[in-house]
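See structure below.
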Amino acid sequence: LKKRGRVEMFNVCFSTAFIVFASVEGYARFIQPFLDSAASLYDDGCGFNTRFAYVLHPVTGMPLFAETDFTTEMVSVRCFHASHYEAIRLRAGFDPESFPPNASLAALVNGTSSLCTPSSGGAPPAS
């Protein structure tokens with residue numbers, strides 16, 4: 001009778017250990033990769049700043065950006081006007097005041113970049 005009790009105790013402990021091992025293995029093989037891919041998809045789709053709106057200027061065709069988050073309205077307006085000011089400075093040939101000079105950005109704003117010509121594979125500016 002004592003031997004039977006030990007066998008039953010072994011069976012219970014072994015079954016419990018098997019269930020725990022199978023649960024951990026199932027989580028590691030199936031659930032965790034799914035959670036990782038879901039987090040990756042969320043970061044790719046929603047992890048960037050998507051709280052803005054833009055419109056193309058009717059004369060210059062340049063995009064004008066504005067933040068849509070009302071909690072930072074004054075900062076957004078300040079940044080909106082600072083970006084316009086910097087674009088005008090770049091277009092006039094001056095170095096920007098808010099960030100380090102960038103020759104590629106200046107060439108794109110001035111229309112002198114090779115990306116601005118149809119022959120380089122870039123799309124010509126819409127008129």
Side-chain angles (χ1 to χ4, degrees):
L1 194 61
K2 263 186 162 178
K3 187 173 184 177
R4 183 172 167 88
R6 287 184 185 171
V7 170
E8 287 296 323
M9 182 60 98
F10 175 77
N11 285 340
V12 168
C13 290
F14 180 78
S15 298
T16 303
F18 178 77
I19 290 171
V20 168
F21 176 75
S23 297
V24 169
E25 179 72 16
Y27 179 83
R29 276 196 184 193
F30 301 108
I31 296 174
Q32 189 61 46
F34 176 77
L35 291 176
D36 292 342
S37 65
S40 175
L41 285 173
Y42 178 81
D43 289 342
D44 290 345
C46 304
F48 302 106
N49 179 8
T50 57
R51 295 177 173 256
F52 69 92
Y54 79 96
V55 65
L56 295 178
H57 190 278
V59 176
T60 63
M62 290 183 61
L64 305 174
F65 296 95
E67 293 286 329
T68 58
D69 191 0
F70 291 111
T71 59
T72 59
E73 186 173 347
M74 292 308 293
V75 172
S76 300
V77 171
R78 192 172 331 137
C79 290
F80 179 74
H81 290 293
S83 66
H84 282 259
Y85 177 73
E86 294 295 353
I88 292 169
R89 286 185 60 84
L90 286 172
R91 182 66 177 97
F94 296 104
D95 286 338
E97 292 179 351
S98 302
F99 55 90
N102 183 322
S104 299
L105 181 60
L108 286 169
V109 170
N110 289 324
T112 58
S113 171
S114 63
L115 296 173
C116 298
T117 60
S119 63
S120 68
S127 45

Q | Where N102 and L105 come nearest, the two heavy atoms and their spacing | A | OD1-N, 3.1 Å
Q: Mind listing the closest non-hydrogen atom pair of P100 and P96 along with its distance?
A: O-CG, 4.0 Å
**Q.** Pairs touching residues 96-115 that satisfy salt bridge (Lys or Arg N to Asp or Glu O under 4.0 Å), sequence neighbours left out
**A.** R89-E97
Q: Give the other cluster members for V7, using side-chain heavy-atom distances under 4.5 Å between Ile, Leu, Val, Met, Phe, Trp and Tyr residues; answer none if it is isolated.
A: none
Q. Which heavy atom in G61 sits nearest to a heavy atom in L56, and how many Å separate them?
A. O-CD2, 3.6 Å
Q: Please list, chain by chain and in numerical order, all residues satisfying side-chain hydrogen bond (donor to acceptor under 3.5 Å, both in side chains) with S98, sequence neighbours excluded.
A: E86
Q) What residues form a side chain to side chain contact (heavy atoms under 4.5 Å, CB included) with P33, not counting sequence neighbours? A) none
(Q) Can you pull out every salt bridge (Lys or Arg N to Asp or Glu O under 4.0 Å) where at least one residue sits in residues 104-117? Sequence neighbours excluded, please. (A) none
Q | Residues that D95 engages under side chain to side chain contact (heavy atoms under 4.5 Å, CB included), provided they are two or more places apart | A | P101
Q: Could you list all the salt bridge (Lys or Arg N to Asp or Glu O under 4.0 Å) pairs where at least one residue sits in residues 9-22, not counting sequence neighbours?
A: none
Q: List in chain and number order the residues that pass side-chain hydrogen bond (donor to acceptor under 3.5 Å, both in side chains) with E8, two or more places apart in sequence or in another chain; answer none if no residue qualifies.
A: none
Q. Among all residues two or more places apart in sequence or in another chain, which pass the side chain to side chain contact (heavy atoms under 4.5 Å, CB included) test with T112?
A. A107, N110
Q: Working to the nearest 0.5 Å, report the span between OG of S40 and CG of L35.
A: 12.5 Å
Q: Scan for ring pair (Phe, Tyr, Trp, His ring centres under 6.0 Å) pairs involving residues 84-106, sequence neighbours excluded, and state none if there are none.
A: F80-H84
(Q) Per the salt bridge (Lys or Arg N to Asp or Glu O under 4.0 Å) rule, what does the pair list look like for residues 11-31, sequence neighbours excluded? (A) E25-R29
Q. Taking only residues two or more places apart in sequence or in another chain, which ones pass side-chain hydrogen bond (donor to acceptor under 3.5 Å, both in side chains) with D36?
A. Q32
